[in-house]
Every structure is written in structure tokens, then in C-alpha cells.
**Student:** 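Have a look at the structure that comes next, please.
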Amino acid sequence: ETGVTQSPTHLIKTRGQQVTLRCSSQSGHNTVSWYQQALGQGPQFIFQYYREEENGRGNFPPRFSGLQFPNYSSELNVNALELDDSALYLCASSLAPTGQGMMDAFFGQGTRLTVV
Amino acid sequence: GQNIDQPTEMTATEGAIVQINCTYQTSGFNGLFWYQQHAGEAPTFLSYNVLDGLEEKGRFSSFLSRSKGYSYLLLKELQMKDSASYLCAVFPFGNTPLVFGKGTRLSVIA
């Protein structure tokens, strides 16, 4: 069992609404990455935070935004929700934003978001 | 960009050996990961290959050939609990960590 906790575990929202998803990081980890995983697909990189700064972003529109706090926990915010945003949202915390750091990465259990 | 291909589904028998292939087209990358993901659960780390060759870890081995743009995950002595999705992921240069393939759903049958 990892120390990465995501909340909530499940969420149903209406199209056009806004949502905030939360992720605690493993103790000692300073990097959090967020991924979107649609059903039957692999996770797609949304963005990464390293020591409270955005450290890379995937091909997602600006209505996907995030934050990392001094304790390295993180939030993912999605505005103006669309039906296609329905997915499992995963966060991963790691020691560093490097390949070696990712070897010690732990994924949270994910938040299942359904947009209706 | 990166294009990662894996078979969508595979079925194998308990006790057997199965090889899950991953091919990719990328201009360069730091290394290649394999993850296991049971339905409804988080991906868990299996292996990370930086250099060409075989990395063995118990029943699981992973192989990388950069020149051929090819990796595989080998699972030996299959158990029912190995039924899961197996994700191949490239760790590219730059600030775009982990580009995943779509995953291979492995079913282990008795």
C-alpha cells in the first residue's frame, strides 16, 4: 500500500461544471504528475509539478489547471467540464522528475470522474 | 512525438510463459517502463530499462532494443493473479514524463 491518496474516489458532475481533484504525495517525494486514463486506454500525461512549479504539460487545454502545495500535495482543477472528460484521473508522486526518480514513483488509486 | 503500440488483448494458460511486445517510434528517450494495472486499481511499477538487454526480476523479465524500437515483457510460471493490463511507457527527453501505450489486457486461464 502506497502513501499516495486521491480524493474523492468517485465523482459525478454535470457538463459545464467545475471539479477539483486532490492528491497527497508519498513522504519524501517532491514531484507529482497527473494523468487521464479513459476506459480501455493508457494514461495520458496532463502535467507535472516539481517543488510547487509546473514542470511540463501534455496536450490538454488550459481549462485543466493545477497546483502543488508546500507539503507537495497537489490539486487538479478542470473547468467547463465536457462529456469526454469522463475518465480515471491518476496522480503519481516521485522523488524527482527523472527516469530514476520515476522508478520509485507511486500511483494513487485514482478518481473516477463521470460527466453527465 | 512518440507512437507506442501493444497488442490489445492476450490469453495464456496458468503455468505457461507469455511475452507481451511493445514497439515504439520515438526520436529518443531516457528509458522504457513496464507497469501492471489490475482493473480499477493504480498502475504498479514492474521494470525500467535504460540500456539494451534483458532485465530479470523474479518471474518477470523485460527486454529493450533501442536499435529495433522494440521491448517486451516476459512473464513466466503464469498465475491467475497475473490477469491484468500491462502498460508499456516511454520516458522521453524533456519535460514530458511517461508516454504510455494503450496497454495489453492479459487473461490467464486454467
Side-chain angles (χ1 to χ4, degrees), chain A residues 1-7 9-10 23-26 29-51 53-60 87-112, chain B residues 1-9 20 22-24 26 28-51 55 57 60 62 64 66 71 73 84-107:
Chain A
E1 191 172 307
T2 78
V4 180
T5 306
Q6 289 188 244
S7 61
T9 53
H10 296 83
C23 171
S24 69
S25 63
Q26 180 82 5
H29 287 186
N30 58 25
T31 305
V32 173
S33 307
W34 285 92
Y35 294 84
Q36 181 195 66
Q37 187 174 23
L39 203 60
Q41 303 291 315
Q44 288 209 7
F45 174 66
I46 303 174
F47 43 58
Q48 180 186 74
Y49 280 84
Y50 171 59
R51 293 183 174 178
E53 298 284 333
E54 188 178 287
N55 186 51
R57 188 179 180 92
N59 190 26
F60 279 80
L88 181 68
Y89 288 85
L90 294 162
C91 75
S93 83
S94 57
L95 279 168
T98 62
Q100 292 298 321
M102 288 303 294
M103 287 178 67
D104 295 315
F106 291 106
F107 280 85
Q109 294 288 87
T111 295
R112 173 73 63 189
Chain B
Q2 293 83 24
N3 199 17
I4 301 171
D5 291 310
Q6 306 178 232
T8 305
E9 291 187 29
I20 302 174
C22 171
T23 58
Y24 57 85
T26 178
F29 60 97
N30 289 296
L32 189 144
F33 285 84
W34 282 94
Y35 285 87
Q36 181 191 60
Q37 186 178 27
H38 285 98
E41 296 184 11
T44 54
F45 170 80
L46 291 177
S47 66
Y48 179 49
N49 290 70
V50 176
L51 303 175
E55 296 272 348
K57 195 180 292 185
F60 291 32
S62 58
L64 175 65
R66 286 178 180 264
S71 173
L73 180 69
S85 285
Y86 291 86
L87 299 162
C88 169
V90 165
F91 188 68
F93 298 130
N95 290 334
T96 313
L98 294 185
V99 179
F100 283 87
K102 293 185 178 181
T104 299
R105 190 162 56 248
L106 174 67
S107 298

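What you see below is based on every heavy atom in this structure, not just the backbone, and it leaves out hydrogens, waters and symmetry mates. In what follows, chains are A, B, ... by sequence order, proteins preceding strands, each numbered from 1.
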**Student:** Please determine if B/Arg66 forms a cation-pi arrangement with B/Phe29, meaning its NZ or CZ atom is less than 6.0 Å from the six-membered ring centre and no more than 45° off the ring axis.
**Tutor:**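 Cation-pi check for B/Arg66 and B/Phe29: passes.
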**Student:** If you count heavy-atom pairs under 4.5 Å between each of B/Ser85, B/Ser47, B/Pro43, B/Gly40 and chain A, which one has the most?
**Tutor:** B/Pro43
**Student:** Decide whether A/Gln37 and B/Gln37 meet the rule of one side-chain donor and one side-chain acceptor closer than 3.5 Å.
**Tutor:**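 On atom types as modelled, these side chains qualify, holding a pair under 3.5 Å.
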**Student:** Below 30° counts as parallel, above 60° as perpendicular, anything between as tilted: where do the rings of A/Tyr49 and A/Phe47 land?
**Tutor:** perpendicular
**Student:** With only heavy atoms counted, which part of A/Tyr50 is less than 4.5 Å from chain B, the side chain, the backbone, both or neither?
**Tutor:**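 Looking at A/Tyr50, nothing touches chain B.
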**Student:** Which residue out of A/Gln6, A/Gln109, A/Arg112 racks up the most heavy-atom pairs below 4.5 Å with chain B?
**Tutor:** A/Gln109
**Student:** Can you confirm whether or not the ring centre of B/Phe33 sits under 6.0 Å from the ring centre of B/Phe100?
**Tutor:** no
**Student:** Select, from A/Pro43, A/Ser94, A/Gly110, A/Ser33, the one with the greatest count of heavy-atom pairs under 4.5 Å involving chain B.
**Tutor:**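 Looking at each of A/Pro43, A/Ser94, A/Gly110, A/Ser33 in turn, A/Pro43 comes out on top.
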